[in-house]
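Just so it is clear: chains get the letters A, B, ... in the order the sequence lines come, proteins before strands, and each one is counted from 1.
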2 protein chains.
Amino acid sequence: MKRAKKKIFRDYILEKGLKSTRQRDVILETFLSSERHMSIEELYLKLRAKHPNIGYATVYRSLKLFAESGIAREMQFGDGQTRYEHVEEGEHHDHLVCTRCGTILEFENETIEQLQTDVAASHDFLIQTHKLELYGLCAKCRK
Amino acid sequence: MKRAKKKIFRDYILEKGLKSTRQRDVILETFLSSERHMSIEELYLKLRAKHPNIGYATVYRSLKLFAESGIAREMQFGDGQTRYEHVEEGEHHDHLVCTRCGTILEFENETIEQLQTDVAASHDFLIQTHKLELYGLCAKCRK
DNA sequence: TGTAAAGTGAAAATCACTTTCAACAAGGGG
DNA sequence: CCCCTTGTTGAAAGTGATTTTCACTTTACA
Ligand SMILES: [Mn+2]
Ligand SMILES: [Mn+2]
Ligand SMILES: [Zn+2]
Ligand SMILES: [Zn+2]
């Protein structure tokens, strides 16, 4: 799926008349082989280990591009840092966020999704995206 | 209910050994008679009309106090600004946010709330708070 | 290759707050 | 009332995350 995402990004770059660069390749490879929900800072630090000359701004710009191309999603969990997660083709999930250790669990619930659609319909509202996050203590932190 | 919230705040102030000030009174009165989901900037501008000498920082500090006392709730809708809404005793709701005109609609759905609890339970997760926001186009903006 | 257009890194700028600090008020004795 | 301790305020400086600027590369393709 790493290969598939790289292709999607390559195609996006072409379609937009942008250029393929060494930096984007390195940042994409590192992003794809990192855990989900990485903050920009975390990715930047990880990158710097092998590529000390990659600029801070370039990481920001690249992640933004990844999101535009559809292979990544930007998200905020209220800790003041933007995080990015890999987007799997045709998949959707929401999150459980531990307020003590920061762990992020994912879940899918078709019934909730359907109810959301119903709520929107009853307000004559057209849903484009939604955000459902449950904050609390994960199993480990509840002790 | 304005009266009730003022009392809650007065009690909170006393309990914490804080002081009642002209600024806090004015800011609270203005906040309570404003629409819900006001950004700090919006409230500050509204205040400045009648009270040009009230400081920016004081508005921030006061809203934070209101939230601590339980009469207001801090929220983020992803537009980069913190908004505050009035908290009604024992009531909870989630939001529909129009991405075109910024209108914010509220809704309550007990079934969704229950399902959230179920999801959390299945992950041995203890919910403290949650955030459910549906982003899209309101009736007016769908045209 | 030649070159127009896009990309990069470092540093400066923004943005939305938060903190600092010296001048001011509250409010509880006396 | 007056004092005095302590919390409060406004202006300005500071923060931290993200963006923009700009002189200097690179890339893509003619
Ligand atoms: Mn996720
Ligand atoms: Mn609301
Ligand atoms: Zn945890
Ligand atoms: Zn609208």
Checklist entry - Going by modelled atom types, is there a donor-acceptor pair between the base of D:dG7 and the side chain of B:Arg61 at under 3.5 Å? => result no
Item to check | Minimum-distance nucleotide (side-chain atoms of A:Thr58 versus D:dT18, C:dT8, C:dA6) | outcome: C:dT8
Checklist outcome for this item: Walking DNA chain D from its 5' end, the first of A:Leu14 and A:Tyr60 to be reached, judged by nearest nucleotide, is A:Tyr60
Next on the checklist: Using whole Å, what does the distance between atom P of nucleotide D:dA17 and atom CD of A:Glu42 come to?
Outcome noted: 12 Å
Checklist entry - Which of these nucleotides, D:dT27, C:dA11, C:dT8, is closest to any side-chain atom of A:Ala57? => result C:dA11
Item to check | DNA chain D: 5'-proximal contact among B:Pro52 and B:Ser20 (nearest heavy atom) | outcome: B:Ser20
Checklist outcome for this item: With the side chain defined as heavy atoms from C-beta on, B:Lys64 is closest, among C:dG7, C:dT18, D:dG10, to C:dT18
Checklist entry - Does B:His86 use its side chain to pair, donor to acceptor, with the backbone of B:Phe31 at less than 3.5 Å? => result yes
Checklist entry - B:Arg24 side chain to B:Lys19 main-chain N or O, any donor-acceptor pair under 3.5 Å? => result yes
Item to check | Selected nucleotide, minimal atom distance to A:Arg24 side chain, candidates C:dG7, C:dT18, D:dT19 | outcome: C:dG7
Item to check | Donor-acceptor pair present, B:Lys19 side chain and C:dA25 base, under 3.5 Å | outcome: no
Next on the checklist: Using whole Å, what does the distance between atom C1' of nucleotide C:dA10 and atom CD of A:Gln23 come to?
Outcome noted: 14 Å
Checklist entry - What integer distance in Å separates A:Arg10:CZ from D:dA28:P? => result 12 Å
Item to check | Rounded interatomic separation in angstrom, taking OH from B:Tyr56 and C1' from D:dG14 | outcome: 15 Å
Item to check | Whichever of B:Thr82 and B:Arg22 has its nearest DNA chain C nucleotide further upstream toward 5' | outcome: B:Thr82
Checklist entry - With no hydrogens and no angle check, do the side chains of B:Ser34 and B:Lys46 hold a donor and an acceptor under 3.5 Å apart? => result yes
Next on the checklist: Side chain of A:Gln81 only, heavy atoms from C-beta on: which candidate in D:dA17, C:dT8, D:dG10 is closest?
Outcome noted: D:dA17
Checklist entry - Atom CZ of A:Arg83 to atom C1' of D:dT18: distance rounded to whole Å? => result 15 Å
Checklist entry - Please give, in whole Å, the distance from C:dA16 C1' to B:Asp79 CG? => result 11 Å
Next on the checklist: One pair to check against salt bridge (Lys or Arg N to Asp or Glu O under 4.0 Å): A:Glu68 and A:Lys16. What are the steps and the verdict?
Outcome noted: CA-CA 11 Å; A:Glu68 282 171 26; A:Lys16 291 284 179 177; over 6 Å; no
Checklist entry - For A:Lys7, does the NZ atom have more than 12 heavy-atom neighbours from other residues, nucleotides or ligands under 6.0 Å away? => result no
Next on the checklist: Please report the distance, rounded to the nearest Å, between NZ in A:Lys16 and P in D:dA28.
Outcome noted: 18 Å
Next on the checklist: Between C1' on C:dC17 and CD on A:Gln76, what's the gap in Å once rounded to a whole number?
Outcome noted: 15 Å
